[in-house]
Structures are given as structure tokens and as C-alpha cells.
Amino acid sequence: MNRITGSIVALITPFTETGDVNYKVLGELIDFHLENKTDALLVLGTTSESPTMSHAEDLHICEYTVDRVAGRVPIIASSGSNCTQTVIEKSLDLQRAGADALLNISPYYNKANKEGMYRHFADVADITDIPVYLYNVPGRTGCEIPVDVVGRLSEHENIAGIKEASGNLSYVAKIAKYANENFAIYSGNDDVILPVLSLGGSGVISVLANIMPRETHDMVMNFLNGNVQEAISEQIRLMPLINNLFCEVNPIPVKEAMNIMGMNVGGFRLPLTNAAPESIAKIKESMKEAGLI
């Protein structure tokens with residue numbers, strides 16, 4: 001798989017009124033992204049409500065997405081767990097389901113020392129035939145992938161990059177020395193897309209792209225192609241919306257926004273529930289400012 005540059009959508013999972021995966025709407029969302037410049041799809045991540053998905057649902061969603069996309073853009077599937085053996089098993093299943101690459105989160109709750117952290121990622125990359133991306137999100141996991149461990153992992157021939165979602169630009173600057181044509185850095189936060197790109201990033205794995213795929217792609221590519229001021233203006237223009245897409249825990253606000261836009265993505269699986277009325281008011285106001293409604 002060639003290195004991905006641009007906007008990778010962290011795709012939500014639409015549900016029916018009874019809480020089942022809504023494959024009709026999922027197909028419509030996939031088509032929406034293929035028509036609006038999204039450069040790759042990430043399924044089964046946190047934004048997909050993966051903690052509430054069964055293994056069978058994971059595989060079916062991956063297979064459905066692979067069939068619908070039909071090779072037009074790469075598909076990354078999250079295989080993360082805090083049990084390394086579970087990650088290995090899920091990774092092999094998702095590989096057989098047709099995923100082009102895998103996203104593997106750091107081991108949450110039980111955490112790990114440096115050697116355990118290294119092996120958690122390296123053992124998966126050793127056994128799979130498709131690229132593995134690291135996922136650093138200490139706000140979710142309670143642990144950060146140490147900088148020197150990122151360095152060791154960047155040398156693995158089957159580890160292709162990192163989704164960096166700490167929001168800590170000092171950390172990004174420290175791992176930036178490992179970025180090269182074989183190891184890419186992606187912003188995992190929409191509010192710092194351009195700062196991460198300025199430190200050698202290749203793109204973003206984006207929540208915003210669920211509702212503004214074309215604009216997110218264009219922002220990244222304008223920066224990378226030298227249209228820096230245009231990219232800066234767009235990042236600044238969209239900051240109120242980006243901030244309000246995280247006024248409650250992700251993906252509650254973005255799914256509310258999608259329903260406001262008529263995308264009919266349904267509700268949530270517990271423990272997630274609908275946003276509070278004051279949050280919906282904030283989301284609507286920033287959507288109006290961004291020209292979405």
C-alpha cells in the first residue's frame with residue numbers, strides 16, 4: 001500500500017432504531033466520502049463506537065466497506081485492544097476481511113513498561129502482512145507511547161506510521177525526527193492539523209471529515225502543496241465547529257451534527273447517549289457559521 005497523504009476519515013457507525021448496524025446508511029456514507037475527496041477510510045475506531053461492537057460486527061463492517069469501496073481508496077481497520085493476543089487475532093481476521101492496513105492503540109488500563117509497549121505493537125506487525133499504524137491517545141488510554149519506543153517501532157518494516165492524538169505539540173516535535181517515507185505522522189486532532197503538518201505530518205485522521213470531507217482534504221493538501229495561507233485561513237475558520245464537535249465525548253457531537261444534516265446515522269450504544277440540549281445548540285450555531293446549515 002502506498003503512503004497515505006491527506007484526510008483519513010474516522011468513520012462513524014450508523015445504527016438503526018433498534019441499535020443494529022445500519023448498512024444502508026453506511027453505504028451512503030462511504031459513497032459520500034468517495035465523492036468528496038476523502039483519501040482513506042478508518043473503520044472500527046473510537047469514533048465508530050468500537051468498544052460496543054462485537055467481533056462479528058467488526059468483521060462484517062470491514063467486509064462491507066471493502067466491497068463498497070472496491071479498491072478506490074485504502075481502508076484502515078482498527079484492531080486495538082489492551083490484550084496483545086486479542087490484537088493479533090483481530091488483526092489477522094481483519095486482514096483476511098480485506099483491510100489494507102491496521103490501527104493499533106496503546107494498551108489501556110493495564111498499560112505497560114517500555115518493553116511491553118514495544119512488543120504490543122511489534123508482535124502484531126511481525127505476524128501481519130499489511131501495514132500497522134500506532135495510535136497514541138493518552139487521554140483515552142491513560143498511557144503515552146514513549147518517544148524512544150516510537151523510534152524503535154519506526155524502524156520496523158511493517159509499521160507505517162502513527163496517529164498522534166495527544167494534542168501535545170512538544171511530543172509531536174520529539175517524534176518528528178522519525179518521520180520519513182516509510183513512517184508517517186498523522187494528526188489525530190482536528191484542532192492542530194496544520195501544526196502537525198508543519199512538523200512533518202502527512203495528514204489527519206479526522207472526526208471533522210465526517211461532515212466536511214472535501215474541506216478537510218483541501219486544507220491538508222493546500223498546506224502540503226504550498227498554499228499555506230489558504231490552509232491557515234480554513235483551519236482558523238473551522239475552529240469553532242471543531243471545538244464544538246468535542247463539546248461532549250466523541251462521537252456524540254459529530255453524530256448529532258450528521259443527523260442535523262439529514263444523514264440519518266441514528267443514535268448511540270450505551271454508555272453513550274444523546275447530547276444535552278445546550279450542547280446541541282452549540283453544535284448548531286457553529287454549523288451555521290461554517291455554512292453547513
Side-chain angles (χ1 to χ4, degrees), residues 7-26 28-30 32-33 38 41-54 57-58 61 65 76-78 80 103 105 108-109 135-142 163-167 187-193 204-213 215-216 238-293:
S7 172
I8 303 166
V9 64
L11 192 64
I12 65 96
T13 300
F15 295 126
T16 66
E17 291 184 359
T18 57
D20 296 317
V21 177
N22 190 330
Y23 286 98
K24 177 180 181 295
V25 173
L26 179 59
E28 293 170 355
L29 295 178
I30 291 168
F32 172 65
H33 285 286
T38 291
L41 304 178
L42 168 66
V43 296
L44 311 177
T46 308
T47 309
S48 303
E49 298 180 66
S50 57
T52 65
M53 309 291 290
S54 70
E57 286 175 321
D58 287 345
I61 287 171
T65 305
I76 306 169
S78 176
L103 182 70
I105 199 168
Y108 44 87
Y109 189 72
Y135 183 13
N136 185 58
V137 57
R140 291 271 187 178
T141 63
K163 176 185 178 182
E164 205 305 287
S166 70
S187 175
N189 300 84
D190 289 310
D191 59 346
V192 291
I193 296 173
V204 61
I205 298 179
S206 173
V207 173
L208 173 67
N210 278 284
I211 55 174
M212 301 189 80
E215 291 85 351
T216 308
L238 294 176
M239 284 301 289
L241 175 59
I242 291 168
N243 289 335
N244 283 327
L245 288 179
F246 295 90
C247 66
E248 293 196 20
V249 67
N250 179 53
I252 292 174
V254 73
K255 289 186 82 173
E256 296 283 15
M258 295 171 82
N259 284 326
I260 291 167
M261 293 172 66
M263 293 183 173
N264 301 316
V265 299
F268 310 89
R269 287 182 175 175
L270 289 171
L272 302 188
T273 61
N274 292 90
E278 57 269 26
S279 297
I280 293 176
K282 290 179 183 178
I283 294 163
K284 284 184 176 179
E285 182 60 32
S286 56
M287 289 175 71
K288 288 177 183 176
E289 292 176 3
L292 286 172
I293 56 175

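All values derive from a computational prediction rather than experimental measurement. The analysis underlying the following values was restricted to heavy atoms, covering all of them including side chains, and did not include hydrogens, waters or symmetry mates. Quick note: residue numbers are just sequence positions, from 1.
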Considering all heavy atoms, the nearest Leu44-Ser78 contact: O-CB, 3.2 Å
Sidechain-backbone polar pair: Ser48 side chain, Leu11 backbone, donor-acceptor under 3.5 Å: yes
Pairwise distance OG(Ser286) to CG(Asn243) - rounded to 0.5 angstrom: 9.0 Å
Verdict with reasoning, Leu245 to Ile211, per side chain to side chain contact (heavy atoms under 4.5 Å, CB included): CA-CA 10 Å; Leu245 288 179; Ile211 55 174; 4.1 Å; yes
Test side chain to side chain contact (heavy atoms under 4.5 Å, CB included) applied to Val25 and Val265, step by step: CA-CA 7 Å; Val25 173; Val265 299; 4.3 Å; yes
Flag, side chain of Asp190 to backbone of Val207, donor-acceptor distance under 3.5 Å: yes
Considering all heavy atoms, the nearest Gly167-Glu164 contact: N-OE1, 4.0 Å
Backbone N/O of Thr13 and side chain of Lys255: donor-acceptor pair under 3.5 Å: yes
Interatomic spacing from CD1 in Ile105 to OG in Ser50 - rounded to 0.5 Å: 8.0 Å
Atom of Phe15, atom of Gly267 and distance for their closest heavy-atom approach: CD1-O, 3.5 Å
Euclidean distance, Met287 CE relative to Ile260 CD1, rounded to 0.5 Å: 5.0 Å
Intermediate values then yes/no, side chain to side chain contact (heavy atoms under 4.5 Å, CB included), Val137 and Lys163: CA-CA 8 Å; Val137 57; Lys163 176 185 178 182; over 6 Å; no
Heavy-atom closest contact (Glu57 atom, Tyr23 atom, distance): O-OH, 4.2 Å
Any side-chain heavy-atom pair of Thr47 and Asn210 under 4.5 Å: yes
Exercise: do Thr16 and Thr18 side chains pair donor with acceptor under 3.5 Å: yes
Short side-chain to backbone donor-acceptor contact, Asp191 and Met239, under 3.5 Å: no
Leu238 side, atom CG; Leu208 side, atom CG - distance, nearest 0.5 Å: 6.0 Å
CD1 on Ile76 to OH on Tyr135, rounded to 0.5 Å: 12.0 Å
Without placing hydrogens or testing angles, list every side-chain donor-acceptor pair under 3.5 Å for residues 273-280, not counting sequence neighbours.
unit_1: Asn274; atom_1: ND2; unit_2: Glu256; atom_2: OE2; d: 3.4
unit_1: Ser279; atom_1: OG; unit_2: Glu248; atom_2: OE2; d: 2.7

Candidate pair Leu292 and Leu241, rule side chain to side chain contact (heavy atoms under 4.5 Å, CB included), full reasoning: CA-CA 10 Å; Leu292 286 172; Leu241 175 59; 3.9 Å; yes
Backbone of Val192 reached by a side-chain donor or acceptor of Asn189 within 3.5 Å: no
Considering all heavy atoms, the nearest His33-Val9 contact: CE1-CG2, 3.5 Å
Gap separating the OH atom of Tyr108 from the CZ atom of Arg140, nearest 0.5 angstrom: 12.0 Å
Shortest non-hydrogen separation from Ser7 to Ser206 and the atoms involved: OG-CB, 4.4 Å
